[in-house]
Amino acid sequence: MEDTIKKILSEIVPEFDEYSGNDMIKDGLLDSMQILEIIAEVEEEFKIEIPAEEMVGDNFRSVQAIKNIIIRL
């Protein structure tokens, strides 16, 4: 699952491959449009629907945060 998430992030944010932090939003790696793209790709890849109330920055700050939302849904 983590490899798939990393692949999605690399396709949307090319700088992700060199990123070593743990908060992609705080570090300025992701903006709101990229988060929407990530949501769409995650929904398609993992066959889930992320409800609007879950579309918050905290759920997309890191690979682990994205993995947690996928598991939860």
Side-chain angles (χ1 to χ4, degrees):
M1 180 184 299
E2 283 188 34
D3 288 341
T4 304
I5 294 168
K6 289 176 181 179
K7 181 177 178 260
I8 290 169
L9 290 169
S10 292
E11 290 172 357
I12 295 171
V13 185
E15 299 86 2
F16 176 77
D17 291 334
E18 289 91 39
Y19 181 69
S20 61
N22 60 2
D23 190 331
M24 296 183 290
I25 295 172
K26 180 181 172 190
D27 295 339
L29 192 68
L30 293 180
D31 62 31
S32 58
M33 293 304 292
Q34 290 167 317
I35 291 172
L36 291 175
E37 288 181 63
I38 292 166
I39 289 168
E41 290 295 322
V42 165
E43 287 180 328
E44 183 177 326
E45 181 68 34
F46 294 98
K47 308 296 186 241
I48 60 171
E49 186 173 324
I50 300 173
E53 61 269 11
E54 295 286 351
M55 294 181 188
V56 294
D58 286 342
N59 289 331
F60 300 93
R61 291 187 181 282
S62 65
V63 171
Q64 186 62 48
I66 296 169
K67 181 179 173 181
N68 290 344
I69 192 172
I70 293 166
I71 292 169
R72 220 175 34 247
L73 298 174

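Please read these numbers as outputs of a predicted model, since none were measured by experiment.
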Between OG of Ser62 and CD1 of Ile5, what distance do you get to the nearest 0.5 Å? 9.0 Å
Does a side chain donor of either Asp17 or Ser10 reach within less than 3.5 Å of an acceptor in the other side chain? yes
What I'd like to find out is whether the side chain of Ile66 reaches to under 4.5 Å of the side chain of Phe46, using heavy atoms alone. no
Tyr19 side chain reached by Leu9 side chain, heavy atoms, under 4.5 Å: no
Look only at the side chain of Asp31 and the backbone of Met33, and say whether a donor-acceptor pair between them is shorter than 3.5 Å. yes
Separation between CG of Asn22 and CD of Gln64, rounded to the nearest 0.5 Å: 11.5 Å
Considering residues at least two apart in sequence or located in another chain, which fulfil the side-chain contact (heavy atoms from CB on, under 4.5 Å) criterion with Asp23? Ile25, Lys26, Arg61
How far does CD1 of Ile50 sit from CD1 of Ile39, to the nearest 0.5 angstrom? 5.5 Å
I need the full list of salt bridge (charged side-chain N to carboxylate O under 4.0 Å, His left out) pairs touching residues 36-54, with sequence neighbours left out, sorted by first then second residue. Glu54-Arg72
Any link between Val13 and Leu36 through a network of hydrophobic side chains (Ile, Leu, Val, Met, Phe, Trp, Tyr) touching at under 4.5 Å? yes
Give the cluster check for Ile70 versus Val56: same hydrophobic cluster or not, with ILVMFWY residues linked at side-chain heavy-atom distances below 4.5 Å. no
Is atom CG of Asp27 surrounded by more than 12 heavy atoms (other residues, nucleotides or ligands) closer than 6.0 Å? yes
Just do the side chain to side chain contact (heavy atoms under 4.5 Å, CB included) check on Ile48 and Val42 with the steps written out, would you? CA-CA 8 Å; Ile48 60 171; Val42 165; 4.0 Å; yes
Residues passing the side-chain contact (heavy atoms from CB on, under 4.5 Å) test with Lys6, sequence neighbours excluded, are Glu2, Phe16, Val63
Output for pair (Ile38 CD1, Phe60 CZ), nearest 0.5 Å, gives 7.5 Å
Does Leu73 belong to the same Ile/Leu/Val/Met/Phe/Trp/Tyr cluster as Met55, with side-chain heavy atoms less than 4.5 Å apart forming each link? yes
